[in-house]
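All remarks here apply to the structure that follows.
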Amino acid sequence: MVKSTDIKAVKGKVEWPTSDFSRVPYEIFFDQDFYELEMKQVFQGPTWNYLAHSCEIPNEGDFVTNWIGDTNIIVNRTANGDIHAFKNSCSHRGTRIVDEIRGNSTRHVCPYHLWTFNLEGSLASVPLEKGIKGKGGMPPCFKKENHNLRKLRVETIGGMIFATFSEETEPLVDYLGPHCESQISRLLDQRTPKVTGYMRQMIEGNWKLYNENVRDPYHASLLHLFQVSFGIQQPTMKGGIKMDKDTKNTWNHSILSDDDTTSSSDLAAVYEGTDKYDPNIKLADPAIANVPLDLDDGYKTTLLSMFPTSVLAQVDNTYAIRHLRPKGPGKVELNITYLGFEEDTEEQAFGKKLTANFIGPSGYISMEDGEALRLEQDGLKMRAGDYSVLEMGGIGEIADTDYLSQEISIRGFWSYYHKLMGFESQ
Amino acid sequence: MKKNDLQIKVERFLFDYADCLNEKRYEDFPSFFKEDNCHYEVQSKENEDLGLTTPIMGCYSHGMIRDRVAQLINNTLTYRRLNLRHFISNIRIDEGKTEIDLKANFQVMQSDLEGVSELYLVGRYEDKLILDHNELKLISKRVILDSFAIPNMLAVPV
Ligand code: FES
Ligand SMILES: [Fe+2]
């Protein structure tokens, strides 16, 4: 862990040469010191972090364990329906208490000396607290109420459960902003979500590279040729990005209407000189591309990126919550919770099974991101002292756009990250 | 066919299947499946145990199986060039009236272009085969992954 006296020295390792964040120092992606500082400033700091969807813990005692940065958290439901979250580390000698990903339990018992915690994370009992026959036991000054698990603040929106370590964090809706609020409601409140599958992908890249990736519609039609060929996202498509007041959260969306479908000869011009675009590509079985959208509001993709590690995504007719678990500066695990709805007809449910092929580690649309980030991490490690370039869509002011080929929302991410990490007071 | 002969035939079928993938002959991959009736699914052990049905890869027609390898054949996909090698073991068959149930374990090692090898995937196959003019064809292949935290990506069938 970084000592506070060293924090200044760590931050002094890099410079941010432009105030519009069109240059980002490469060390931020591979230096262990920055990673450790992030665990403190970002993940233990005033941020809301996704833990689970409430449909995963419908009953009393249902729990899920998940990660906020490097910290494992238990989130569970109590008898009165409330949701509580606390650190999965015993208040006695630090042991991990729950060693499962999900389950049901009326209490949490530490395996080592059987200290028992209730569903609010409070210490309920200590074996041999009073000793045996007047011998041993805890000293009179030992008070159970001083030894609860580290509890987190919890709030939910659209069933998504978020937690924060900090008392300073503003209310969740203010933190997320109006676009997140309305899109979460559009995607999750109109029907009753249910989990139909999980996917996990180990990406050999820094967790912030993934944050850049989901705020980067510029790459969507260039790296992911599958979705260009089948009209899910094209470089000429309508759409845009909108951010919250801090520019940390992005709503990135594209809309396809019949009149702006690009002709394949126009598209061929965009990809001229590359061998990626094949205008003759056709699906042998087009069923996968013909699944109708559940919602008739015309959005082909909606990507809500919520600082620091969560994404709610509608890509074509797929609905998923993505969550990042950083595993050191060079690695991040992407956890995807794939959603259906209780109201889905059999046909709609099968449609979602087909479109699952678009996303995840084997997704026609998204699998290439894992590879792009691996290559990016591999390449940028050689560039200490240098900076990445974020100029697409314009430099200077960080503002919403009504076009897609831009990196402005990536600069928005850095602007907030820079502040949260305390670089400003450098 | 005698049980022992069928066992040998099925093993040979699996090893040919593995070679097709190891040697990157993706255009041959669909021919292991029965054209008018076949499924191919890659699922995580996590989902399988929870009864969740969304697959990692799901092809529910011969056309979808051909589409799974199309981007690999026409080279429009950005993915890591690795050499993969399948090791298949614990092969056992149960012969039904019309179908042969096949279970096997597998392990796939990956070797990068500089020759560094590591474990890529571990899991099991749950297949259904039929004899079509004395040739084995898959009508259903389910690949269930113990290692469902997929390293990097899974671009090729397993
Ligand atoms: S470490 Fe948990 S009870 Fe002792
Ligand atoms: Fe992408």
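Side chains are part of it too, since the values below use all heavy atoms of this structure and drop only hydrogens, waters and symmetry mates. In the text below, chain A, chain B and the rest are named by the order of the sequence lines, each starting its count at 1.
When heavy atoms are compared at a cutoff of 4.5 Å, Leu50(B) approaches chain A solely by way of its side chain, counted from C-beta outward. Contacts of Ser44(B) with chain A are made by side-chain atoms alone, with heavy-atom separations under 4.5 Å and no backbone atom involved. Contacts between Phe148(B) and chain A at a heavy-atom distance below 4.5 Å involve backbone atoms as well as side-chain atoms. Only the side chain of Glu41(B) comes within less than 4.5 Å of a heavy atom in chain A; its backbone stays farther off. For a residue to count as touching a neighbouring chain, one of its non-hydrogen atoms must lie under 4.5 Å from one of that chain's; by this rule Met199(A) touches chain B with the side chain only. The contact between Ala155(B) and chain A is made by backbone and side chain atoms together, counting heavy-atom distances below 4.5 Å.
Close approach to chain B, defined as a heavy atom under 4.5 Å from one of its heavy atoms, is seen in Tyr338(A) of residues 325-347 of chain A, taken by number. Residues of residues 23-36 of chain B placed with any heavy atom under 4.5 Å of a heavy atom in chain A are absent; none qualify.
Highest contact tally toward chain A, considering only Ala70(B), Ala149(B), Ser61(B), is held by Ala149(B) [criterion: heavy-atom pairs under 4.5 Å]. The candidate with the highest count of non-hydrogen atom pairs below 4.5 Å against chain A, out of Arg68(B), Arg66(B), Met153(B), is Arg68(B). With chain B as the partner, the residue from Gly370(A), Pro286(A), Ala287(A) showing the most heavy-atom pairs under 4.5 Å is Gly370(A).
Between atom CG of residue Asn357(A) and atom OH of residue Tyr60(B) there is a gap of 7.0 Å, rounded to the nearest 0.5 Å. The OH atom of Tyr198(A) lies 6.5 Å from the CG atom of Leu52(B); values are rounded to the nearest 0.5 Å. Note that CZ of Arg200(A) and CG of Asn47(B) are 9.5 Å apart. Values are rounded to the nearest 0.5 Å. Rounded to the nearest 0.5 angstrom, Glu371(A) CD and Leu77(B) CG are separated by 9.0 Å.
Thr196(A) contributes no side-chain N or O that, together with a main-chain N or O of Thr54(B), makes up a donor-acceptor pair within less than 3.5 Å. The closest donor-acceptor contact from the side chain of Asp67(B) to the backbone of Asp285(A) lies under 3.5 Å.
Residues Asn152(B) and Glu204(A) have side chains that never bring a donor and an acceptor to within less than 3.5 angstrom of each other.
For the pair Ser362(A) and Val42(B), the minimum side-chain heavy-atom distance is 4.5 Å or more. Side chains of Leu154(B) and Gln201(A) form no contact here, defined as non-hydrogen atoms less than 4.5 Å apart. Under the 4.5 Å side-chain criterion, counting only non-hydrogen atoms from C-beta, Gln71(B) is in contact with Tyr364(A). Using a 4.5 Å heavy-atom cutoff, the side chains of Leu354(A) and Met64(B) are in contact.
Closest of all the heavy-atom pairs between Thr76(B) and Leu225(A) is O-CB, 4.5 Å. In terms of heavy atoms, Pro55(B) sits closest to Ala356(A) at O-CB, 4.0 Å. In plain terms, the two heavy atoms of Gly63(B) and Ala284(A) that are nearest each other are O-CB, 3.6 Å. The heavy-atom pair separating Ile56(B) from Pro361(A) by the smallest distance is CG2-CG, 4.2 Å.
Remark: Arg80(B) does not engage Glu368(A) in a salt bridge, criterion side-chain N to carboxylate O under 4.0 Å.
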Point to revise | Verdict with reasoning, Arg102(A) to Glu46(B), per salt bridge (charged side-chain N to carboxylate O under 4.0 Å, His left out) | key: CA-CA 11 Å; Arg102(A) 50 186 77 83; Glu46(B) 180 173 39; 3.1 Å; yes
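Heavy-atom neighbours of Arg85(B) CZ from other residues, nucleotides or ligands within 6.0 Å: at or below the threshold of 12. Within 6.0 Å of atom CG in Asn59(A), more than 12 heavy atoms from other residues, nucleotides or ligands are found, so the atom counts as buried in its surroundings. Heavy-atom contacts from other residues, nucleotides or ligands closer than 6.0 Å to OH of Tyr218(A) number 12 or fewer.
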